[in-house]
Amino acid sequence: DTQAMKYLSYLLYPLCLGGALYALIFLRYKSWYSWLINSMVNGVYAFGFLFMLPQLFVNYKLKSGAHLPWKAFMYKAFNTFIDDVFAFIITMPTSHRLACFRDDVVFLIYLYQRWLYPVDKTRVNEYGISYDDKPKRKSHKD
């Protein structure tokens, strides 16, 4: 995660600063305050995107999709679906609508990685448990 965040921040910091400077030079705002708020909101959207990508990086590096439990995956899938529905129904700024759809892009890449890298059940997870191992049954005394 740390390595992925480092590489992605090298890309994202200049993009955020460049976008803010572009908006300052080429777009009209009512005041400095509205430019600042708009730039900060776009930064929040960009960093939200940044915080979703390390999972994809870890999956790629380890060639496995086993790092996100199925329940958490289903929660993210449901959350993404609800965001998309409301992005179409409710009137909202374009940047927020794009932020909802960037979640879909990450989700589709994750689905592709899940298909590409099948779960290796013999790999030991961070708790020292392999899903291929059978749990030992205790003998039942009557």
Side-chain angles (χ1 to χ4, degrees), residues 1-29 32-142:
D1 283 348
T2 305
Q3 185 181 14
M5 291 297 284
K6 182 176 80 168
Y7 292 145
L8 291 170
S9 66
Y10 290 157
L11 176 69
L12 210 56
Y13 289 135
L15 284 176
C16 286
L17 289 174
L21 288 174
Y22 175 83
L24 181 65
I25 295 169
F26 295 108
L27 301 178
R28 287 183 68 117
Y29 289 98
W32 285 94
Y33 180 72
S34 86
W35 169 78
L36 181 67
I37 293 296
N38 188 28
S39 297
M40 291 174 74
V41 165
N42 287 335
V44 167
Y45 290 146
F47 285 110
F49 185 65
L50 175 75
F51 288 130
M52 291 187 326
L53 292 179
Q55 180 68 44
L56 300 178
F57 185 77
V58 168
N59 290 349
Y60 171 73
K61 282 293 197 181
L62 297 177
K63 304 291 188 232
S64 173
H67 306 18
L68 185 63
W70 192 249
K71 287 181 182 179
F73 174 71
M74 291 311 294
Y75 172 77
K76 286 186 178 216
F78 185 70
N79 203 10
T80 300
F81 174 74
I82 295 298
D83 285 346
D84 291 343
V85 168
F86 282 105
F88 280 116
I89 294 174
I90 298 172
T91 56
M92 60 180 65
T94 305
S95 60
H96 186 73
R97 197 166 284 176
L98 288 174
C100 290
F101 294 129
R102 64 128 204 259
D103 296 348
D104 293 340
V105 171
V106 172
F107 183 69
L108 289 174
I109 292 170
Y110 180 75
L111 282 176
Y112 176 69
Q113 284 183 338
R114 191 97 172 163
W115 172 78
L116 188 64
Y117 311 129
V119 176
D120 183 10
K121 296 191 182 287
T122 60
R123 179 179 282 179
V124 177
N125 66 8
E126 65 270 14
Y127 303 112
I129 299 171
S130 172
Y131 294 107
D132 202 30
D133 294 341
K134 303 284 188 245
K136 296 176 184 168
R137 297 190 67 168
K138 295 181 182 179
S139 62
H140 183 67
K141 295 181 182 180
D142 289 328

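When only modelled atom types and interatomic distance are considered, Asn59 and Tyr117 share no side-chain donor-acceptor pair under 3.5 Å.
Between Gln3 and Phe57, some side-chain heavy-atom pair lies under the 4.5 Å cut-off. When side chains are defined from C-beta on, Arg102 counts as touching Tyr45, because their heavy atoms get closer than 4.5 Å.
Here the closest non-hydrogen pair linking Trp35 and Ala20 is NE1-O, 3.0 Å. Considering every non-hydrogen atom in both Met92 and Ala87, the closest pair reads CE-CA, 3.8 Å. Cys16 and Gly43 get closest at one heavy-atom pair: SG-CA, 4.1 Å.
Every residue was checked against the ring pair (Phe, Tyr, Trp, His ring centres under 6.0 Å) condition with Tyr7, not counting sequence neighbours, and none meets it.
Taking a 6.0 Å sphere around CZ of Phe81, one finds it holds 12 or fewer heavy atoms contributed by other residues, nucleotides or ligands. Atom CE of Met40 is surrounded by 12 or fewer heavy atoms from other residues, nucleotides or ligands within 6.0 Å.
Here Leu27 contributes atom CG and Tyr22 contributes atom OH; the two are 6.0 Å apart, rounded to the nearest 0.5 Å. With values rounded to the nearest 0.5 angstrom, Leu8 atom CG is found 11.0 Å from Leu15 atom CG. A distance of 12.5 Å separates CG of Leu116 from CG of Leu111, quoted to the nearest 0.5 Å. Going from atom CZ of Phe107 over to atom CG of Asp84 covers 10.0 Å, rounded to the nearest 0.5 Å. Here the CG-CG distance, from Leu53 to Leu11, works out to 9.5 Å after rounding to the nearest 0.5 Å. For the atom pair CZ (Arg97) and CZ (Phe88), the distance works out to 8.0 Å, reported to the nearest 0.5 Å.
A cation-pi contact links Lys63 to Tyr60, judged by a cut-off of 6.0 Å to the six-membered ring centre and 45° from its axis.
Of the possible donor and acceptor atoms, one in the side chain of Ser9 sits under 3.5 Å from a partner among the backbone N and O of Lys6.
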